[in-house]
2 protein chains.
Amino acid sequence: MVARNKTEQIRQHIIETTDDLLYHKGFNLMSFSDIAAAADVPRGNIYYYFKTKDEVLTAVIEYRIEQMRAMLETWNEEIKTPLERLKRYTNIPVIELEDVTRYGCPMGSLNTELGKSQRTLQAVSRKQYDTFLTWLKKQFKELVPDGNTKHLAMHLLMLTQGLAVLAQSYQDKSLVRREINYIETWLDSLV
Amino acid sequence: MVARNKTEQIRQHIIETTDDLLYHKGFNLMSFSDIAAAADVPRGNIYYYFKTKDEVLTAVIEYRIEQMRAMLETWNEEIKTPLERLKRYTNIPVIELEDVTRYGCPMGSLNTELGKSQRTLQAVSRKQYDTFLTWLKKQFKELVPDGNTKHLAMHLLMLTQGLAVLAQSYQDKSLVRREINYIETWLDSLV
DNA sequence: TTGATTTTAAGATGGTCATCTTATATTATT
DNA sequence: AATAATATAAGATGACCATCTTAAAATCAA
């Protein structure tokens, strides 16, 4: 029990440190040595927890999705109106301003990288988008019951993705704030 | 003269084949062996034309920018109104639909990749954006003389970047067409 | 406590990478 | 034709990579 538990703990610890590493370096420049060093686990021992690099990625994505779901669950409980919930989503880049202007969007940059020649892994990464999209559709359904909620959700996601790409390219924080304001104005215009 | 010329020709040939390779594989997964194979030049000989991989990248970006400038110049001549010129720009993803849904935006995907931990190279790549932005600003200046042309240009670029990211992630051509229509409607609303 | 199982972690393996050296071949100049 | 400069291309170099093997150590169940 204790050992099983400890193993799980270390595995979880590797996942959490790799999450940051993946965001900061990208998948292809992130080596097993990097993972081992970041998690402070001997290089040869990582393979006891994960057989391949792909398996590490999958575990990190699963972890991210868990986190996202928990966050969205909290928003559902704590934020009363769909408009306010959509605005809460929209404001992620403002809240994560340092990271977004430095490393871009963790979902978008990974999808872009993997989409070139690692499509199987991209499909894994894409589940992050799916998780948000499902939630966004629900909010839009509440906000504008007879709008095309799928298109609206995609559109909002697209706006935040474009924002992140340019924000990172130009290290431009004011661009983030300005574009987020436009998005909020657009959301207001829907009701 | 002939030799100098032939050398220039081979160098140019390497640049052009590497342009596609870079788009399809990304910078870090593109090796010198790939470059040599694609250009059909012996691996060891590539170094006669380019000392480092960074130098190849720089040459490819310069070539791309030349191409872009020539294209924009043609548009300036052949398309009468700034609105139509802006729409011509907007329609690039529709014209390049196959490539955009498969590999994303050549500028955006490269910037995103290099921005993580190769900032010096990202600065080189970013010049592609700059070239478009300068031109876009001019068009907006003509279209809405007292608008904030810098913000408008950035905004339009941002829309196309978000579009490319999602189009590639979901391999979704209808998304491209739909979003391009929105952008055109927005452009119309400015006059 | 003993024997089985789990966990650790060093070290190999075989591959690919960017880059360099160098000897040979080609071409240009005289 | 002789010489000098340019261009070719094989082969090394050393670093790093993902992954595997394996023997020792730690922990478990009996």
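First the proteins, then the strands, lettered A, B, ... as listed; each starts at 1.
Residues Leu159(A) and Met154(B) share a single hydrophobic cluster, defined by chaining ILVMFWY side chains whose heavy atoms lie under 4.5 Å apart. At a threshold of 4.5 Å between side-chain heavy atoms, the hydrophobic network of Ile, Leu, Val, Met, Phe, Trp and Tyr places Leu114(A) and Leu166(B) in two separate groups.
A donor-acceptor contact under 3.5 angstrom links the side chains of Asn91(B) and Glu184(B), judged on distance only. With hydrogens and angles left out, the side-chain atoms of Arg88(A) and Gln139(A) include no donor and acceptor closer than 3.5 Å. A donor-acceptor pair shorter than 3.5 Å can be found between the side chains of Glu16(A) and Gln12(A).
Set against dT8(C), dT8(D), dT19(C), the side chain of Thr52(B) has dT19(C) as its closest nucleotide.
Among the protein residues, Phe50(B) comes within range of no part of the nucleic acid, since none of its heavy atoms lies under 4.0 Å from any strand.
To the nearest 0.5 Å, the span separating CD1 on Ile79(A) from OH on Tyr89(A) amounts to 14.0 Å.
Ring geometry for Trp186(B) versus His155(B): interplanar angle over 60°, hence perpendicular rather than tilted (30 to 60°).
Salt bridge present: Glu142(B) and Arg85(B) bring a charged side-chain N and a carboxylate O closer than 4.0 Å.
Within residues 53-61 of chain A, no residue has a heavy atom under 4.0 Å from DNA chain C. Of all the residues in residues 116-127 of chain B, not one reaches under 4.0 Å from DNA chain D with any non-hydrogen atom. Proximity of residues 27-47 of chain B to DNA chain D (heavy atom under 4.0 angstrom from any strand atom) is restricted to Pro42(B), Arg43(B), Gly44(B), Asn45(B).
The heavy-atom pair separating Ser125(A) from Leu110(A) by the smallest distance is OG-CD2, 3.5 Å.
In this structure, NZ of Lys6(B) is placed 9 Å from C1' of dT27(C), rounded to the nearest angstrom.
Aromatic ring centroids of Phe50(A) and Phe32(A) lie 6.0 Å or more apart.
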